[in-house]
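The structure under discussion appears below in the form of structure tokens.
All residue numbers refer to positions in the sequence shown, counting from 1.
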Amino acid sequence: NIKLAYSMLESTQIPTEWTFILNHYFDAVIVPDPWLVNVYKNSGVMLPIFVLPIGLHLSSFFKIPTKTTVNKIFTFGLSAAAVPGKNHEIVIDAFVEEFLKNPCDKDKVRLRIHSRGGKHIEEIRKYISDVRSNTIEFIPHSLPQQKYIQFMASLDCYVLLSMGEGFSITPREALALGIPCILSNAAAHKTICESSFVEIVDAPLPVPAYYSVFNETIGLKFNCKLTDVRKAMRNVYNNYLKHLARAQQGREWVKNYDENALKEKYLSLVKPRKVVLGNNNRILDSALETDSVQLYEKYVDLLARARNEKTL
């Protein structure tokens with residue numbers, strides 16, 4: 001049997017026990033973003049590591065007409081679990097400092113925040129209530145899919161300044177709607193930032209990555225500076241048509257992450273048409289290439305048995 005592990009984490013290391021389990025009980029590791037390859041290698045994983053993005057259900061987003069104009073009340077927004085690493089507070093702080101304290105802007109903008117749940121719902125609710133402004137809306141529960149799409153489509157600019165990501169779904173959903181995005185250039189966000197279709201906020205400040213589920217700190221995450229966040233939000237607000245045009249180009253780019261676009265690669269992972277022993281570990285639509293002789297031989301044996309069973 002070929003044993004594959006699909007794995008991800010949001011910081012610069014993985015738990016020691018993960019490394020042990022992977023090296024001793026699996027034949028290969030699949031990660032959803034290229035940034036994670038070195039994270040796993042540097043954590044001691046000795047197996048072949050392949051990149052295969054999460055196949056996203058984007059068809060419902062593409063059915064919505066692409067955004068062409070700005071709302072009467074300019075709307076920033078984000079959707080993220082209520083956990084510290086998603087960095088809700090810095091988005092709120094930047095919004096308040098840059099717009100609500102400016103008499104010329106405070107009646108022209110709003111901020112919508114949605115969370116599917118998380119341990120810090122009440123902390124975020126209190127943080128917002130302390131601002132004492134009706135221009136910040138908080139939806140602290142899951143939404144049905146159509147309501148969620150309507151929420152995303154209501155935004156003029158999507159903002160997600162996570163300190164760490166293993167893969168990032170919501171910015172890709174925003175781009176599927178043609179909505180400009182502001183993202184932290186941290187962890188797996190780097191892949192989206194390198195696309196050139198989003199506004200980038202540098203994340204130069206290392207933060208110990210504490211995981212309550214492991215009860216320990218594992219590697220680092222990275223935070224942004226408030227001044228840089230304010231500058232990015234102001235830039236999108238003041239130059240909206242330019243950012244809107246860029247996001248519409250991103251709508252084409254993000255089609256590569258739709259489940260239908262990735263279908264053949266998933267099939268190549270579990271039942272490749274061809275297996276190649278080469279210099280890389282990569283999954284193609286028509287073949288799987290690996291630099292591991294052991295894994296190559298296992299796949300060759302798998303294909304041979306499949307052919308024999310078909311013949312029988």
Quiz item: Are side-chain heavy atoms of E289 and N281 found at a separation under 4.5 Å?
Solution: no

Self-check item: Non-hydrogen side-chain atoms of I49 and K41 separated by less than 4.5 Å
Solution: yes

Exercise. Give the minimum heavy-atom separation between T170 and M152, together with the two atoms involved.
Key: O-CE, 3.6 Å

Quiz item: Should the pair R234-E199 be classified as a salt bridge under the 4.0 Å nitrogen-to-oxygen rule?
Solution: no

Practice problem: Measure the shortest side-chain to side-chain distance between V207 and M163 over non-hydrogen atoms and say whether it is less than 4.5 angstrom. | Solution: yes

Quiz prompt | By side-chain hydrogen bond (donor to acceptor under 3.5 Å, both in side chains) - contacts of Y296 (at least two apart) | solution = none

Self-check item: Shared hydrophobic cluster for V96 and I73 (ILVMFWY, side-chain gaps under 4.5 Å)
Solution: no

Exercise. Let me know which of I54, V31, V39 forms a side-chain contact (heavy atoms from CB on, under 4.5 Å) with M8.
Key: I54

Self-check item: Nearest non-hydrogen partners of R251 and P65, listed with the distance
Solution: NH2-C, 4.3 Å

Exercise. Decide yes or no for Y210 and I218: does some side-chain heavy atom of the first lie under 4.5 Å from some side-chain heavy atom of the second?
Key: no

Quiz item: Taking the side chain from D258 and the backbone from N260, do they hold a donor-acceptor pair closer than 3.5 Å?
Solution: yes

Quiz prompt | Heavy-atom donor-acceptor pair, N42 side chain to N38 backbone, under 3.5 Å | solution = yes

Exercise. Would you kindly confirm whether L9 and V83 end up in one hydrophobic cluster when ILVMFWY residues are joined by side chain heavy atoms under 4.5 Å apart?
Key: no

Quiz prompt | From K106 atom NZ to N102 atom CG, the distance as rounded to the nearest 0.5 Å | solution = 9.5 Å

Quiz item: Going through the distances and angles, do E165 and K221 end up as a salt bridge (charged side-chain N to carboxylate O under 4.0 Å, His left out)?
Solution: CA-CA 9 Å; E165 290 283 347; K221 295 184 180 183; over 6 Å; no

Quiz item: Just by distance, with hydrogens left out, do D291 and N279 show a side-chain donor and acceptor under 3.5 Å apart?
Solution: no

Quiz item: Going through the checks in order, is the salt bridge (charged side-chain N to carboxylate O under 4.0 Å, His left out) test met by K231 and E98?
Solution: CA-CA 8 Å; K231 184 186 296 184; E98 188 63 30; over 6 Å; no

Exercise. State, yes or no, whether a side-chain contact exists between P171 and Y158 at a heavy-atom distance under 4.5 Å.
Key: yes

Quiz prompt | Side-chain donor-acceptor pair present, S142, Y148, cut-off under 3.5 Å | solution = no

Quiz item: Do other residues, nucleotides or ligands put more than 12 heavy atoms under 6.0 Å from R132 CZ?
Solution: no

Quiz item: Atom CD1 in I192, atom SG in C181: separation rounded to 0.5 Å?
Solution: 7.5 Å

Practice problem: For S133, check side-chain hydrogen bond (donor to acceptor under 3.5 Å, both in side chains) against everything at least two apart and list the hits. | Solution: T135

Quiz item: Rounded to the nearest 0.5 Å, how far does CG of L183 lie from OG of S195?
Solution: 8.5 Å

Quiz item: Between T290 and Y299, is any side-chain donor less than 3.5 angstrom from a side-chain acceptor?
Solution: no

Quiz item: Taking side chain as C-beta onward, heavy atoms only, is V276 less than 4.5 Å from L288?
Solution: no

Quiz item: For S7 and Y40, does a side-chain donor sit closer than 3.5 Å to a side-chain acceptor?
Solution: yes

Quiz item: Do D27 side-chain atoms and L295 backbone N/O form a donor-acceptor pair below 3.5 Å?
Solution: no

Quiz item: What orientation do F76 and F99 show, parallel under 30°, tilted 30 to 60°, or perpendicular over 60°?
Solution: tilted

Counting only pairs under 3.5 Å, give me each side-chain donor-acceptor contact of residues 108-115, with atom names and distances, residues two or more places apart or in other chains.
{"from": "K108", "atom 1": "NZ", "to": "C104", "atom 2": "O", "distance (Å)": "3.4"}
{"from": "R110", "atom 1": "NE", "to": "T75", "atom 2": "OG1", "distance (Å)": "2.8"}
{"from": "R112", "atom 1": "NE", "to": "E137", "atom 2": "OE1", "distance (Å)": "2.6"}
{"from": "R112", "atom 1": "NH1", "to": "S154", "atom 2": "OG", "distance (Å)": "2.7"}
{"from": "R112", "atom 1": "NH2", "to": "E137", "atom 2": "OE1", "distance (Å)": "3.3"}
{"from": "R112", "atom 1": "NH2", "to": "E137", "atom 2": "OE2", "distance (Å)": "3.2"}
{"from": "H114", "atom 1": "ND1", "to": "S79", "atom 2": "OG", "distance (Å)": "2.8"}
{"from": "H114", "atom 1": "NE2", "to": "H141", "atom 2": "O", "distance (Å)": "2.9"}
{"from": "S115", "atom 1": "OG", "to": "A80", "atom 2": "O", "distance (Å)": "3.2"}
{"from": "S115", "atom 1": "OG", "to": "A82", "atom 2": "N", "distance (Å)": "3.2"}
{"from": "S115", "atom 1": "OG", "to": "G117", "atom 2": "N", "distance (Å)": "3.1"}
{"from": "S115", "atom 1": "OG", "to": "G117", "atom 2": "O", "distance (Å)": "3.0"}

Exercise. Quick one: sort the W253 and F197 rings into parallel, tilted or perpendicular, breaks at 30° and 60°.
Key: tilted

Self-check item: Point-to-point distance, once rounded to the nearest 0.5 Å, from NZ of K190 to CD1 of I200
Solution: 9.5 Å

Quiz item: Is there a chain of hydrophobic side chains (I, L, V, M, F, W, Y, each step under 4.5 Å between heavy atoms) that links V275 to L284?
Solution: no

Exercise. Search all heavy atoms of F61 against all heavy atoms of Q145 and return the closest pair with its distance.
Key: CE1-NE2, 3.9 Å

Exercise. Indicate, with yes or no, if I2 and M46 share a hydrophobic cluster defined by side-chain heavy-atom contacts under 4.5 Å among Ile, Leu, Val, Met, Phe, Trp and Tyr.
Key: no

Quiz item: For residues N87 and S162, is any side-chain donor paired with an opposing acceptor at under 3.5 Å?
Solution: no

Quiz item: Okay, side chain of N23, backbone of G44: is any donor-acceptor separation there less than 3.5 Å?
Solution: yes

Exercise. Work out which heavy atom in A203 is nearest to a heavy atom in F222; give both atom names and the distance.
Key: O-CB, 3.3 Å

Exercise. Would you indicate whether K225, at its atom NZ, is surrounded by more than 12 heavy atoms from other residues, nucleotides or ligands within a distance under 6.0 Å?
Key: no

Self-check item: Backbone of G219 reached by a side-chain donor or acceptor of T12 within 3.5 Å
Solution: no

Quiz item: Could you walk me through whether K126 and E123 pass the salt bridge (charged side-chain N to carboxylate O under 4.0 Å, His left out) check?
Solution: CA-CA 5 Å; K126 183 179 184 306; E123 286 87 341; over 6 Å; no

Quiz item: Is E264 paired with R273 through a side-chain N to carboxylate O contact shorter than 4.0 Å?
Solution: yes

Exercise. Locate the shortest heavy-atom distance separating I283 from S268; write the atom from each residue and the value.
Key: CG2-CB, 3.8 Å

Practice problem: Flag the pair W18 / F214 as yes when at least one side-chain heavy-atom distance between them is below 4.5 Å, and no otherwise. | Solution: yes

Quiz item: Any donor and acceptor pair, going by atom type alone, linking the side chain of H189 with main-chain N or O of N185 inside 3.5 Å?
Solution: no

Exercise. Decide yes or no for H243 and I182: does some side-chain heavy atom of the first lie under 4.5 Å from some side-chain heavy atom of the second?
Key: no

Practice problem: Say whether, by atom type as modelled, one donor and one acceptor occur between the side chain of S11 and the main chain of A209 under 3.5 angstrom. | Solution: no

Self-check item: ILVMFWY cluster, V70 and F151 together (side-chain gap under 4.5 Å)
Solution: yes

Exercise. For the residue pair N235 and N239, confirm or rule out a side-chain donor-acceptor distance under 3.5 Å.
Key: yes

Quiz item: At what distance, to the nearest 0.5 angstrom, does CG of L56 lie from CZ of R172?
Solution: 7.0 Å

Quiz item: Which heavy-atom pair separates K67 from L155 by the least distance, and what is that distance?
Solution: CE-O, 3.4 Å

Quiz prompt | Between CD1 on residue I149 and OG on residue S60, distance to nearest 0.5 Å | solution = 4.5 Å

